[in-house]
Amino acid sequence: MKYPEFKQPLNYAQVGTDILKWWQENGIFEKSVSSREGQPTFVFYEGPPSANGAPGIHHVMARTVKDIFCRYQTLLGKQVPRKGGWDTHGLPIELQVEKELGITKEDIGKKISIEDYNQRCRETVMRFKAQWDDLTQKMGYWVDLDDPYITFKPEYIESCWALLKKLYDKGLLYKGYTIQPYSPAAGTGLSSHELNQPGTYHDVKDTTIVAQFKVTREEASEKLFAAATDEAPVYIMAWTTTPWTLAANTGLAVGKNIRYVLVRTFNPYTHAPIHVVLAKDLVSRYFSEKGATTSLEEYQAGDKVLPWRLEGEFVGSDLVGIHYERLFGQDQGFPAFEGEERAFRVIVGDFVTTEDGTGIVHISPTFGADDFRAAQLADIPALLVPDADGKLGPIVDRTGRYVPQMGEFGGRWVKNYDGHDQSGADYKTLDESIAIKMRKAGTAFKTEKYEHTYPHCWRTDKPVLYYPLDSWFIKTTAVKDRLIELNKTINWKPESTGTGRFGNWLENLVDWNLSRSRYWGTPLPIWRTQDGTEEICIGSIAELKVEIEKAIAAEIMTHSPLGEGDKLDLHRPYVDDIFLVSPSGQPMYRETDLIDVWFDSGAMPYAQWHYPIENAEKFQKNFPADYIAEGVDQTRGWFFTLHALAVMLEDSVAYKNVIANGLVLDKNGEKMSKSKGNAVDPFATLAQFGPDATRWYMIVNAPPWDNLKFDPTGVTEVQRRFFGTLFNTYSFYALYANLDEYSYDAASAVPAAERSELDRWVLSKLQSLLLEVRGHYDSYDPTKAARAIQDFVTDQLSNWYVRLSRRRFWKGELTADKRAAFDTLYECLYAVGQLMAPIAPFFAEWLYQNLMEAQTTGEKVESVHLTLLQEARTELIDAALEERMELAQRISSLTHSLRKKSVLKVRQPLQRILVPVLNESTREQVGKVEDLICAEVNVKHVEFLDDTSGVLVKSVKPNFKRLGQQYGPKLKVVGARIQQMTPEEITQLEKLGSLSVEAEGEAYTLTTDDVEIRTQDLPGWLVATDGPLTVALDVTLTEELRQEGVARELVNRLQNLRKDSGLEVQDKIRVTLGNQQPELTAAVQSFGDYIRTETQALALDFAADVNGGAVLEFDDYNVPVRLEVATS
RNA sequence: GGGCUUGUAGCUCAGGUGGUUAGAGCGCUACACUGAUAAUGUAGAGGUCCGUGGUUCGAGUCCACGCAGGCCCA
């Protein structure tokens, strides 16, 4: 068998489709899992995509990252099951359906039944599944598409229920409230999506108040009173644009590091002497410069200038814990409330700024999300009052008016939600009434109308209220410490996402709000009695059936609405039609909420196996994951829900290693979007470049966690530079191996020790590469792995090893040396194929199959993806060899550069180069690669020059690192002195190992370690230097050299002619040259053997008349030539 | 507004623990090479290392404050 040879250029897309077909026909993916049966498992979790939209190029990126490490672990011999999955619930699907039907959420249950609506969602959600499957296969992402988990299936939902029940039994599931945007006029909560609709934010003019909160004198506040110079009371000032919330105030928030001042002044309305506390930066906003010098004693009511004095300065943390008096207390007819003794304290708020207001924020936990959160952290209660049924609620009811207990303001609308007439001259809004009351009471420092933007309900156009709404929560805060602790054991790539974005999120954790008021999702499996006193959490279908039977027996239902078999559906509206019976005989109704879709995806480690209902063993074997990967935008999404559920349910991490990959942007760094028209079509990209170049480009260009600027020209470059070079290298190998009918056989390969210097060098490099690339894959850094492979292939293997070895491959018979060359190149190609297989799986397979094609001995593994990645043979790593080869490369490069300067082409042989050496080891090292250098730069000898020659001019360079440590500030003086060293001084330093010098009046003793001595020049020679290396070229041309140059030129032209005539490499020829040029004739006669060997000429003759031939032109020659194929 | 992140040649990116003259590939220009040839070599042009301060004998690197892009969250 022969190694397949290919025409150029190779069609990479075709390689992709051919290999894909072959994989499918031979079940290679399945075998990559089944062949590892019994081996340790590498657990991977697929973050489920949603198939309701077409996949984009960023999915190719994300899935390449996932695929790489699964394939790599398979190469290490592990079994890597990869169950696919689909995320099928969620708002985007609902919105898409609504858009297509031209309806809104309001219409559900009216224009369309919940049943029909959900049916529509179910149909929509898999609409693009075929496209996704197609992309998955074409890009070479190996994942089990035949048996995926699907989140809307009854089994999946049942698992979610079982998990929720576990949490419920642990007391981690509770009903509470959060602050959400709410439209009293519409009577409904608003999603952030609704709030972000155009036109919802208007400019409105509101009454604003700078309120004064009177500080209680006690230990915590003593520093304020100590700073005060008189007995005037101390107030903390806070600004609000919603005065109606002041009646619900229970706290004040300061910035921890903000500076505050105590100011002695007067209340502008009552003129009473007071102290106020506010942020230092904002003093000028309330007090004029003039007031600072106006007399306090002479202040009188009606004075335009308010006198003031600074009396103390504090930071926010000094103020924390200070108590103050309630603004609207029970003494004024306002209601008492639970937890009052813990309220009215100064706390820290991370949202406090000195941009506006006073730098102190009034906190009403019922009417602000920040307020709610800060209050919860500081254990500040909310002001809640009982309604007619005794149920606790905020001081504003759901229609937008104060509850009756609110004293003189009871029943007032907080905003104009009922559309009442506000035009009367004596009409006052609630905010205005409050302002008037506070001015009279001396608790308002300033009241004014202020224009600002405020969100409005998109349907009623009335202002939105931030309002506490009932929700079900998972008490993640109860396990916060454990979440943080276990997070530290996760290997995050990049690390900063784990410690920063994710770590901070955990540090500021709030309970997980599970509730969604939607239709298409996993229903909350909790049934409650009307009064909420009795409830049940259902953990399985079986359990539900039992409860249904009970309810039927209690005549609460007549029959079970739960379908059977294929009809079984746990979605709304069916579950809503189930009514259960409580132990006391009351009917129970399902809590109508659905749960957050992120619970669905976070539950996938369990629900994908229908655990804990069944498959306990399967679950245990596949938990936790060794590795997951997803976009960084999932940090608070999937990454969090996986982690939270694992910690709460299993007291374990859910994943040990995680890559949070960045975005794919267009080539200008702009976000891709369909509307901008800069979105890259993944199918077109794969069709154009093939999957391997696309994947390789994405990985090699930037680490996955950086954003990728996707530029198709970059893919072209990868294709040319890396794949093109590798293809050429293989083609070169195949061409000559076939000519010699060589095929690799590990058993009879030439022992490494008997191979040439160059062979051993590239093998040494290869072993280093194996170690390095394994290391990068092991630490989940595919970019460094790809770069190392690419550098090896293009720079070391192709551009040095193959280039310098070419003659060995085509010269003569299949000798041991030639065999060694084939063995070496084969081993490199094979290893490269394995190493690149995770990133470029199709091309690696192509390469592997080609290499296997000619193999006649030994066991043939069917696919590169079924092989075991070879171990690095560290005994082949030879540091000294690698070092001297680098010397050879650098010396060659310098020599080329000298030829260039002297205009001496490489084809012209030269006598020698001179290399100064300052130590014996360099001489030895270079000596071993002398032949390589000579061949590469076409010179006859390398000559070494040492000190004894007396012609070397040395220079000296200060070793700043060492000198800096030793002399510190004196470094400049010493450094300058070193650069002025005379040749005699250098010689002395070398001989004695130290030298005393004087600089700026001080004496220093230098040692050889303080400087680097290098040769720099050879007087009378043309030299080139590269760091410590110096090379001189002898440009003297002898007659013999000149003749050899001519011979080489002639060989070159004849080779070109052979090629142009379409001759095969192995064809023999007869050559006849014109004899008109004596110099040429002489050269041919001197170097006849050489020319005949090189051109495979059996005969090389001269004739006066060469007819019918071409004319060779070079240098000053024009030679008629006739070339015939020799038949024997 | 907050958290995280990025900013180095026209483009894409390297630059442990600070060391004086900041690199690579691509692209560009010139020359050379030619049985791997849509390859290769050599040379050249191209830099405010985002800015401003600071620490230091010395800062692309460390610190502070900003600016710009990105993501997430308010």
Side-chain angles (χ1 to χ4, degrees), chain A residues 8-9 192 350-353 355 368-370 373 494 496-505 507-508 631-637 660 662-663 665 667-671 697 700-703 705-711 713-714 716-718 720-722 724-725 727-733 735-736 783-784 787 790-791 794-795 798-799 802-803 806-807 809-810 892-901 903-907 936-938 957-965 967-975 1024 1051-1056 1058-1060 1063-1066 1094-1096:
Chain A
Q8 229 174 352
S192 58
D350 55 12
F351 48 84
V352 180
T353 68
E355 294 289 303
D370 276 341
R373 198 163 44 82
S496 59
T497 300
T499 53
R501 192 182 283 206
F502 196 65
N504 291 344
W505 163 250
E507 294 286 349
N508 297 307
V632 68
D633 53 338
Q634 294 294 330
T635 306
R636 295 174 182 194
L663 266 69
L665 308 170
K667 64 176 177 180
N668 300 318
E670 306 227 19
K671 209 174 162 179
Y697 164 73
V700 84
N701 190 61
W705 40 88
D706 281 354
N707 289 346
L708 172 70
K709 291 180 198 164
F710 188 91
D711 185 354
T713 60
T716 314
E717 189 186 322
V718 158
R720 261 209 353 260
R721 181 157 181 76
F722 176 61
T725 304
F727 169 78
N728 276 337
T729 306
Y730 166 77
S731 297
F732 176 86
Y733 171 81
L735 174 67
Y736 293 109
T783 303
K784 285 191 172 155
R787 286 176 180 172
Q790 182 164 311
D791 288 348
T794 57
D795 296 346
S798 168
N799 211 5
V802 173
R803 198 156 55 82
R806 277 177 296 182
R807 298 186 69 83
F809 287 93
W810 76 61
S892 298
S893 178
L894 289 171
T895 310
H896 279 304
S897 147
L898 289 170
R899 275 183 175 274
K900 157 85 182 160
K901 277 184 202 149
V903 200
L904 284 163
K905 44 188 161 187
V906 180
R907 222 177 280 131
E936 170 66 7
V937 301
N938 197 16
K957 183 178 173 264
N959 180 345
F960 287 101
K961 191 164 183 172
R962 195 182 147 83
L963 291 168
Q965 282 158 2
Y967 297 112
K970 298 268 164 63
L971 175 131
K972 274 183 182 152
V973 180
V974 182
V1051 167
N1052 165 245
R1053 301 309 140 120
L1054 287 172
Q1055 299 286 35
N1056 286 348
R1058 279 183 59 119
K1059 201 175 171 195
D1060 294 343
L1063 269 59
E1064 295 297 325
V1065 176
Q1066 66 273 27
E1094 287 297 309
T1095 59
Q1096 303 187 69

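Throughout, protein chains are lettered first and strands after them, A, B, ... in sequence-line order, and every chain is numbered starting at 1.
- Among the protein residues, A/Ser496 comes within range of the sugar-phosphate backbone only, with heavy atoms under 4.0 Å from sugar or phosphate atoms but none that close to a base.
- A donor-acceptor contact shorter than 3.5 Å links the side chain of A/Tyr697 to the backbone of A/Asp711.
- Residue contacts shown for A/Ser893 are limited to sugar-phosphate atoms, with no base heavy atom under 4.0 Å away.
- Taking atom CG on A/Asn504 and atom P on B/G2, their separation rounds to 14 Å, with Å as the unit.
- Going from the C1' atom of B/A9 to that of B/G25 covers 12 Å, rounded to whole Å.
- Between A/Arg501 and A/Thr635, the shortest heavy-atom distance links the atoms CD-OG1, 3.6 Å.
- Comparing the P positions of B/U48 and B/U42 gives a spacing of 27 Å, expressed to the nearest Å.
- B/C11 atom C1' lies 14 Å from atom CG of A/Leu708, rounded to whole Å.
- If you check B/G23 for Watson-Crick or wobble pairing at under 3.5 angstrom, you find it paired to B/C13.
- Counting any heavy atom pair closer than 4.0 Å across all strands shown, A/Gly964 reaches a base atom.
- No contact: A/Ser731 has no heavy atom under 4.0 Å from any strand.
- Between the CZ atom of A/Phe502 and the P atom of B/U5 there is a distance of 16 Å, given to the nearest Å.
- When the nucleotides B/A36, B/G41, B/U17 are ranked by their closest atom to the side chain of A/His896, B/G41 comes out on top.
- A sub-4.0 Å separation between OP1 or OP2 of B/A39 and a side-chain N or O of A/Asn799 is absent.
- Nucleotides B/C49 and B/G41 have their P atoms positioned 30 Å apart, rounded to a whole Å.
- Here the OG1 atom belonging to A/Thr713 is positioned 7.5 Å from the CD atom belonging to A/Glu717, to the nearest 0.5 angstrom.
- Minimum interatomic distance between A/His896 and A/Val937 (heavy atoms only, all atoms of both residues): NE2-CG1, 4.1 Å.
- Pairing for B/G44 is with B/C28, a Watson-Crick or G-U wobble pair whose two hydrogen-bonding atom distances lie under 3.5 Å.
- Toward the 5' end of RNA chain B, the nearer of the two residues A/Gly500 and A/Leu1054, judged by each one's closest nucleotide, is A/Gly500.
- To the nearest 0.5 Å, the span separating CG on A/Asn504 from CZ on A/Arg636 amounts to 8.5 Å.
- Atom-to-atom, CG of A/Asn508 to P of B/C4 comes out at 11 Å; the value is rounded to the nearest Å.
- Scanning for side chain to side chain donor-acceptor pair (under 3.5 Å) contacts around A/Asp370 gives A/Arg373, with sequence neighbours left out.
- Annotation: of the two residues near RNA chain B, A/Asn1052 and A/Leu963, the 5′-most nearest-nucleotide partner is A/Leu963.
- The distance from atom CG of A/Leu898 to atom P of B/A32 is 18 Å, rounded to the nearest whole Å.
- Comparing the C1' positions of B/A38 and B/C26 gives an interatomic distance of 16 Å, to the nearest angstrom.
- Note that OG1 of A/Thr895 and CG of A/Asn938 are 11.5 Å apart. Values are rounded to the nearest 0.5 Å.
- The separation of B/A45 from B/G10, taken at their P atoms, amounts to 14 Å, rounded to a whole angstrom.
- If you check distances only, the side chain of A/Thr725 never reaches the base of B/A36 with a donor-acceptor pair under 3.5 Å.
- For the P atom pair drawn from B/C57 and B/A74, the interatomic distance equals 48 Å after rounding to whole Å.
- Ring pair A/Phe809/A/Tyr733: centre-to-centre distance not below 6.0 Å.
- With C1' as the reference atom, B/C72 and B/U40 are 48 Å apart, rounded to whole Å.
- The pair A/Asp795-A/Arg803 fails the salt-bridge criterion, with no side-chain N (NZ, NE, NH1 or NH2) lying under 4.0 Å from an Asp/Glu carboxylate O.
- Taking a pair to require two hydrogen-bonding distances under 3.5 Å in either a Watson-Crick or a G-U wobble arrangement, B/A64 pairs with B/U52.
- Rounded to whole angstrom, the span from the CD atom of A/Gln1055 across to the P atom of B/C33 amounts to 16 Å.
- Listed here is the closest heavy atom pair of A/Thr783 and A/Ala702: OG1-O, 3.3 Å.
- Taking each heavy atom of A/Asn707 and A/Leu663 in turn, the nearest pair found is OD1-N, 2.9 Å.
- Applying the Watson-Crick and G-U wobble criteria (two distances, each under 3.5 Å), B/C71 pairs with B/G3.
- Listed here is the closest heavy atom pair of A/Ala660 and A/Trp705: O-CB, 3.4 Å.
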Query raised in the report: Quick one: what's the B/S/- string for nucleotides 21-30 of chain B, heavy-atom cutoff under 4.0 Å, read 5' to 3'?
Result: ----SSS---

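- Remark: A/Arg962 engages A/Asp1010 in a side chain to side chain donor-acceptor pair (under 3.5 Å) (not counting sequence neighbours).
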Taking only nitrogen or oxygen atoms into account, show me every contact under 3.5 Å that the protein makes with nucleotides 71-74 of chain B, one pair per line with its distance.
| unit_1 | atom_1 | unit_2 | atom_2 | d |
| --- | --- | --- | --- | --- |
| B/C71 | OP1 | A/Lys671 | NZ | 3.3 |
| B/C71 | O2' | A/Arg501 | NH1 | 3.2 |
| B/C71 | O2 | A/Arg501 | NH2 | 2.4 |
| B/C72 | O4' | A/Arg501 | NH1 | 3.4 |
| B/C73 | O4' | A/Arg636 | NH1 | 3.2 |

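- Remark: the separation of the C1' atoms in B/G47 and B/U21 is 13 Å, to the nearest Å.
- Regarding A/Arg803, its CZ atom lies at a distance of 7 Å from the C1' atom of B/G41, rounded to whole Å.
- For A/Ser496, there are no side chain to side chain donor-acceptor pair (under 3.5 Å) partners at least two apart in sequence or on another chain.
- Between A/Lys709 atom NZ and B/C11 atom C1' there is a gap of 9 Å when expressed in whole angstrom units.
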Within the sub-3.5 Å range, which N or O atoms of nucleotides 62-64 of chain B have a protein N or O partner, and how far apart are they?
none

